[in-house]
Amino acid sequence: MPREFRQAKWPEPLIFELPKGRKETFRIDDEFRSEAREALERIPAELVRESGPGIPNLSEVEVIRHYTRLSQMAYGVDQGPVPLGSCTMKYNPKIDEELASLPQVTNIHPYQDEDTVQGILEILYLMQKWLAKITGADLCSLQPPAGAAGELTGALIIRKYLHDKGLLSKDEMIVPESAHGTNPASAVMAGFKVVKVPADADGNTDLDALKAVVGEKTAGIMLTNPSTLGLFESRILEISDLIHGAGGILYYDGANLNGILGVSRPGDMGFDIIHLNLHKTFAAPHGGGGPGAGAVCVKKELTNYLPVPVVDYDGSKYFLNYDLSRTIGMTSWFYGNAVPIVKSFIYLAMLGPSLREVAEISVLNTNYLMSKLVKLPGVSLIYGEGRWRKHEVVISFDRLHKDTGVSAEDIAKALLDRGFHAPTIYFPLIVPEAHMIELTETETKEKIDELARAYEEIVNIAYRNPQELKEAPRNTAIGRLDALLGNHPKTVTPTYKYVGRIRKTGSS
Ligand SMILES: *Cc1c(COP(=O)(O)O)cnc(C)c1O
């Protein structure tokens, strides 16, 4: 039996609103006091404040308890699974944090002499090489600080490359309907028009629809494979021939490489540009734990277009190479977010040749869970019935919703009550009442069984007493928030008062 899940309860006042503890929580030494007075006298009168700063006057223990209570109202992957599809929330080994926090990493400056930072340059150089090898590309830039920044970098490379070839009329970027929202956004920011293509019943890109839109104006296609449905694009080589045949470029959204890591490579599938989310697949924390890193890898013909600098090695020394003839310029600062790159470097160095097991175990975990969930009443797959999944699976509660009125959101809230972070919901948009579940290689069979049991219990309640699920969650720090109000620009930074108001009005 799983232990009952119960989170510390809201409210916790802001630290400014905590009852004042002892009047004087620290003492200023008399000698210092007179020194301070002398110093004060030298400050021009108009600059001296009239009253003390409004900072909380609390003792250390009061501060620690306040933040500990807050941390007990939060949930993270160190407590239990975060099965957020498309986000690859794997456990981040603590050794990565420990080594990346060394002063040799955190206290160096990009303007230091190269001679004094040979160690970090070697790490960056090796990462450029390893990621190129993993993706089947020729050179990687570590500069983009996020996946979306990597996409924009890639799209700008495509544009400059096509312009260099005099192909100014190529201004259409093909993006599948199931794509991550950042894909069309990046294409538009780089100056392309977006052309959508649907998925077929198997969950592959609909080839007939694709053929109908590929033509002279095609600049390229942005694809993720496995797709956001967790399905491997089985006719990827045909797609690649089709796009290349029209003079277009294949862009690979590799935010979620988990399902094929060490097994297959985008470069071998015909992709020319690939971005990777080091803060997903490669174990750098994200989702509030940031910052990220969105490496971009390219095939030989495009290496000169990468952002500068890239790290090079002349046989005796590592150096920053700004000399790429067709570079699109800098897309971020120096070599990007170096600290998460170091975390990913350690993760890869530890895995070494067993890298492939990441894919094998995460795929096994996903399919094991899927095999249990598809047996539940009211659950269906919509796309790719009978196919194995890769890193994630998208299930639909459309039937359950029609039968009982219980929505994908209600089920997600009920999962919270059972000690699980909710999966990604209502995405991709082509699946109604969707739960997009990704377990990664770091979850155990016992945890997956527990998650499957939680789903089973919730589905049974939906058919027996749907109202109970409308009132979930009960065991979390706060009950159901008003999602609409929660997304309102004025409540983007919720304060104690706002949350208080949301609770009073209740959910709609
Ligand atoms: C997360 C993700 C992105 C965007 O990455 P960010 O680092 O959040 O900008 C792009 N594509 C897919 C498929 C993703 O899952």
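When a residue number appears, it is its place in the shown sequence, counting from 1. In each ligand, atom 1 is the first atom listed, and ligand 1 is the first ligand listed.
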*asked:* Using ring centroids (six-membered ring only for Trp), state whether His435 and Phe397 fall under 6.0 Å.
replied: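 Yes, the ring of Phe397 comes within the 6.0 Å limit of the ring of His435, centre to centre.
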*Any chance the rings of Phe345 and Phe282 have centres within less than 6.0 Å?*
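Phe345 vs Phe282: aromatic centres not under 6.0 Å.
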*Excluding sequence neighbours, so at least two apart, what forms side chain to side chain contact (heavy atoms under 4.5 Å, CB included) with Leu373?*
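By the side chain to side chain contact (heavy atoms under 4.5 Å, CB included) rule, Leu373 matches Leu369, Leu376, Ile395, Ile437, Tyr455.
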_Residues in side chain to side chain contact (heavy atoms under 4.5 Å, CB included) contact with Asp202, at least two apart in sequence or another chain_ =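 Per chain and number, Asp202 pairs via side chain to side chain contact (heavy atoms under 4.5 Å, CB included) with Asp200, Asn204, Arg387.
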Give every donor-acceptor pair under 3.5 Å between a side-chain atom in residues 96-105 and any protein atom, sequence neighbours left out.
residue : atom : partner : partner atom : Å
Glu97   : OE1  : Lys343  : NZ           : 3.3
Glu97   : OE2  : Lys343  : NZ           : 3.3
Ser101  : OG   : Glu97   : O            : 2.5

*Trace of the salt bridge (charged side-chain N to carboxylate O under 4.0 Å, His left out) decision for Glu450 with Lys447*: CA-CA 5 Å; Glu450 223 181 279; Lys447 265 292 163 205; 3.1 Å; yes
Distances under 3.5 Å, N/O of ligand 1 against N/O of the protein: list each pair and its distance.
residue  : atom   : partner : partner atom : Å
ligand 1 : 5 (O)  : Asn277  : ND2          : 3.0
ligand 1 : 7 (O)  : Gly147  : N            : 2.7
ligand 1 : 7 (O)  : Asn277  : ND2          : 3.2
ligand 1 : 7 (O)  : His279  : NE2          : 2.6
ligand 1 : 9 (O)  : Gly147  : N            : 3.4
ligand 1 : 9 (O)  : Ala148  : N            : 2.8
ligand 1 : 11 (N) : Asp253  : OD1          : 3.2
ligand 1 : 11 (N) : Asp253  : OD2          : 2.6
ligand 1 : 15 (O) : Ser86   : O            : 2.7
ligand 1 : 15 (O) : Ser86   : OG           : 2.7
ligand 1 : 15 (O) : Asn256  : ND2          : 3.3
ligand 1 : 15 (O) : Lys280  : NZ           : 2.7

